[in-house]
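Not measured: the values here are computed from a predicted model. Letters A, B, ... are given to chains in the order of the sequence lines, protein chains preceding strands, and every chain is numbered from 1.
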Amino acid sequence: ILNVEQSPQSLHVQEGDSTNFTCSFPSSNFYALHWYRWETAKSPEALFVMTLNGDEKKKGQISATLNTKEGYSYLYIKGSQPEDSATYLCAPEIQGAQKLVFGQGTRLTINP
Amino acid sequence: DVKVTQSSRYLVKRTGEKVFLECVQDMDHENMFWYRQDPGLGLRLIYFSYDVKMKEKGDIPEGYSVSREKKERFSLILESASTNQTSMYLCASSPPGYQPQHFGDGTRLSIL
C-alpha cells in the first residue's frame with residue numbers, strides 16, 4: 001500500500017491566525033490530488049481536486065498548492081475561524097481510475 | 001446537491017452474521033466506493049465499482065463482497081461478520097474523470 005504522509009497530525013491555533021499543513025505522496029504515477037474536510041458527525045466534504053504541477057486552488061479563505069515533481073501539496077487557511085475546525089484529508093490518485101489513497105489527516109482545532 | 005444515503009447510522013450485529021450495508025446516490029454517478037475508517041488509520045478502500053455489475057477490489061477486500069445491480073445502489077456485504085470488522089464504513093460516489101467524491105454520513109458498525 002502506498003504511503004501518504006500528512007503533517008502535523010494535529011494542530012491548535014487561535015482564531016484569526018493563519019495556518020498551513022502538508023501532504024506528501026509518491027511522485028511516480030501521479031494522476032490527481034484530492035483534499036477533503038471532515039467535520040465531526042458530518043460526512044467528508046470535497047475542497048479541491050488538483051492535477052497539474054504548480055496548480056493553485058482557492059475556496060474562500062482556504063487555498064492549496066501542488067508540486068507533483070517532488071510529491072507534496074500544501075493547504076493554507078487564512079484567518080482561521082472556529083468553523084474551520086475539522087480533520088483535513090489529502091488523497092492522491094496514483095493508480096488512476098479515482099482510486100484514492102488517503103493520508104491519516106491533520107486534525108485542526110481553532111480556539112476562540 | 002448530490003445526496004449519498006447510507007441505510008443506517010449505527011448497526012450492531014453478532015459474529016458470524018451476514019451483514020448488508022446499503023448505499024444509494026441520486027446523481028447518476030458512474031463510480032461508487034466503499035471505505036472503512038479506523039482510529040489512527042486513513043480511510044481505506046474496500047471495493048469500488050465503475051458501472052452496474054462491475055466491481056474492483058480495493059486495498060482491503062478480504063472478508064467483504066459487493067453488489068451493484070442498479071446504477072444508484074452499491075451494497076457492501078460482510079459474508080460472516082467478525083469482531084475485527086467493527087468500524088466506521090463510508091460510501092462515496094463520483095462522476096468519471098478528475099472529480100471529487102461525494103460521501104455519505106457513514107455507518108458505525110459494531111460486531112459483538
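Taking a 6.0 Å sphere around CD of A:E15, one finds it holds more than 12 heavy atoms contributed by other residues, nucleotides or ligands. More than 12 heavy atoms of other residues, nucleotides or ligands sit less than 6.0 Å from atom CZ of B:R9.
Using a 4.5 Å heavy-atom cut-off against chain B, the contacting residues of residues 49-73 of chain A are A:V49, A:T51.
There is no contact between A:F48 and chain B, counting heavy-atom distances below 4.5 Å. Contacts of A:W35 with chain B are absent, with no heavy-atom separation under 4.5 Å from either backbone or side chain. With a threshold of 4.5 angstrom between heavy atoms, B:P39 does not approach chain A through any atom at all. In this structure, chain B has no heavy atom under 4.5 Å from any part of A:A91. Within the 4.5 angstrom heavy-atom criterion, only side-chain atoms of B:L45, from C-beta onward, approach chain A.
Considering only heavy atoms from C-beta on, B:E30 comes within 4.5 Å of B:K71 through its side chain.
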**side chain to side chain donor-acceptor pair (under 3.5 Å) evaluation trace for B:Y64 with B:R36** = CA-CA 11 Å; B:Y64 303 95; B:R36 63 179 281 178; 2.8 Å; yes
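Judged purely by distance below 3.5 Å, without hydrogens or angles, the side chains of B:N31 and B:S94 pair a donor atom with an acceptor atom.
Atom CD of residue B:Q37 and atom CH2 of residue A:W38 lie 4.0 Å apart, to the nearest 0.5 angstrom. Interatomic distance, OH of B:Y50 versus CZ of B:F33, reported as 7.5 Å (0.5 Å rounding).
Between A:K99 and A:E93 there is no salt bridge, since no side-chain nitrogen of the basic residue lies less than 4.0 Å from a carboxylate oxygen of the acidic one.
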